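Data block below; observations after.
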Amino acid sequence: MSNKIDLNSLPPQQLIEFRKNIDSEIQHFTQSLQALQTAQSKLKDCISTIDNVENSKQENLLVPLTSSLYIPGKILKRNEYLVDIGTGYYVEKSAKDSKVVYDKKIKKLDVDSKKLKDILIQKNELLNGINLILRRKVLEMEKEQEQQSGDTK
Amino acid sequence: MSSDLKSQFEQYSLEFSKLQNSINELITSRSKLETQYQENKIVNEEFETLNEDSKIYKLIGSILLPQDYQDANMNINKRIEFIENEINRVETKIKNEETEMENIRNKLLEVRSKLGA
């Protein structure tokens, strides 16, 4: 890994370049993490909606035709849902089985989020390290310049 | 003589950046394939919990069409196979272009050292 290189030995320009790379990586991973969390909350919505339907005695509901157009409808059969399992396939499932599908997906996303978070922590540590070294190098350079200008006087 | 070297140098660096671009493109398509592969694998796992009696629909355009379990399962398996082949194809391509890039890099360095001399 590139981490094996002693960061202290790199010239400031390369360090800045390196920092830029890490910055964009961190941005990328943060975006992915957000996407995962949005997906997770959508799946949780599905589960709570199933619970709502199963728990309510109401038969009437409004069926959305578009995002702003509804028609009144009635629930004829409970405990029967069409679940999107991905790539355009839908399967008819009972309430319990539907929730199993969503639960599984949420767990999977949890595992991935955890991995992403670990990577983010690592990258942030690296970034802090680089910033420290850069700051020290700048201080050193300033000192040197001061000394030089002092010598010529 | 040195103008010869210079044109050679320019030619190599042109080829080098061309290769870099195409490798970047390949890597993008590789990651797209990976996403598709993962999605299909999840669907396949789901199919393993289903059986002949499951009612399966496929979304075609905006219409849900009923599908046979056998058909759907076969379709997914075929798709996974196809994506695996695509991934292999892209990966060998990436490898080839990387070795080629390494070659050109070496040539570039050679010409540059000659130019400097």
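Labels below follow one simple rule: chain letters A, B, ... track the order of the sequence lines, proteins then strands, and each chain is numbered from 1. Bear in mind the structure is a predicted one, so any value in this text is a computation, not a measurement.
No side-chain heavy atom of B:Leu59 sits under 4.5 Å from any side-chain heavy atom of A:Tyr89.
For the salt bridge (Lys or Arg N to Asp or Glu O under 4.0 Å) test, residues two or more places apart in sequence or in another chain that qualify with B:Lys55 are A:Glu92.
Put simply, B:Tyr57 and B:Ile42 are part of two different groups of oily side chains (I, L, V, M, F, W, Y) that touch within less than 4.5 Å, one to the next. A:Leu43 and A:Tyr90 fall into different hydrophobic clusters, defined by Ile, Leu, Val, Met, Phe, Trp and Tyr side-chain heavy atoms under 4.5 Å apart, directly or through other members. Under a hydrophobic-cluster definition in which Ile, Leu, Val, Met, Phe, Trp and Tyr are linked whenever side-chain heavy atoms come within less than 4.5 Å, directly or via other members, B:Leu109 and B:Leu19 are assigned to different clusters. The cluster map of Ile, Leu, Val, Met, Phe, Trp and Tyr, joined by side-chain heavy atoms under 4.5 Å apart, puts A:Leu132 and A:Leu126 in different clusters. Hydrophobic clustering of Ile, Leu, Val, Met, Phe, Trp and Tyr side chains at less than 4.5 Å, counting indirect connections, keeps B:Leu64 apart from A:Val101.
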- Message: Could you go through A:Lys108 and B:Glu45, starting from their C-alpha distance and side-chain angles, then the distance that decides it, and tell me whether this counts as salt bridge (charged side-chain N to carboxylate O under 4.0 Å, His left out)?
- Response: CA-CA 13 Å; A:Lys108 211 172 218 158; B:Glu45 270 170 38; 3.5 Å; yes

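With a 6.0 Å radius and a threshold of 12 heavy atoms from other residues, nucleotides or ligands, B:Ile63 has its CD1 atom at or below the threshold.
Using a 4.5 Å cut-off between heavy atoms, B:Ile56 contacts chain A through both its backbone and its side chain. In this structure, no portion of B:Gln36 lies under 4.5 Å from any heavy atom of chain A. In this structure, the portion of B:Leu50 lying under 4.5 Å from any heavy atom of chain A is its side chain and not its backbone.
Considering only heavy-atom pairs separated by less than 4.5 Å from chain B, the leading option among A:Val91, A:Ile85, A:Thr87 is A:Thr87.
For residues 81-98 of chain B, an interface with chain A (any heavy-atom pair closer than 4.5 Å) does not exist.
One distance of note links CD of B:Glu46 with NZ of A:Lys93; it measures 4.5 Å at 0.5 Å rounding.
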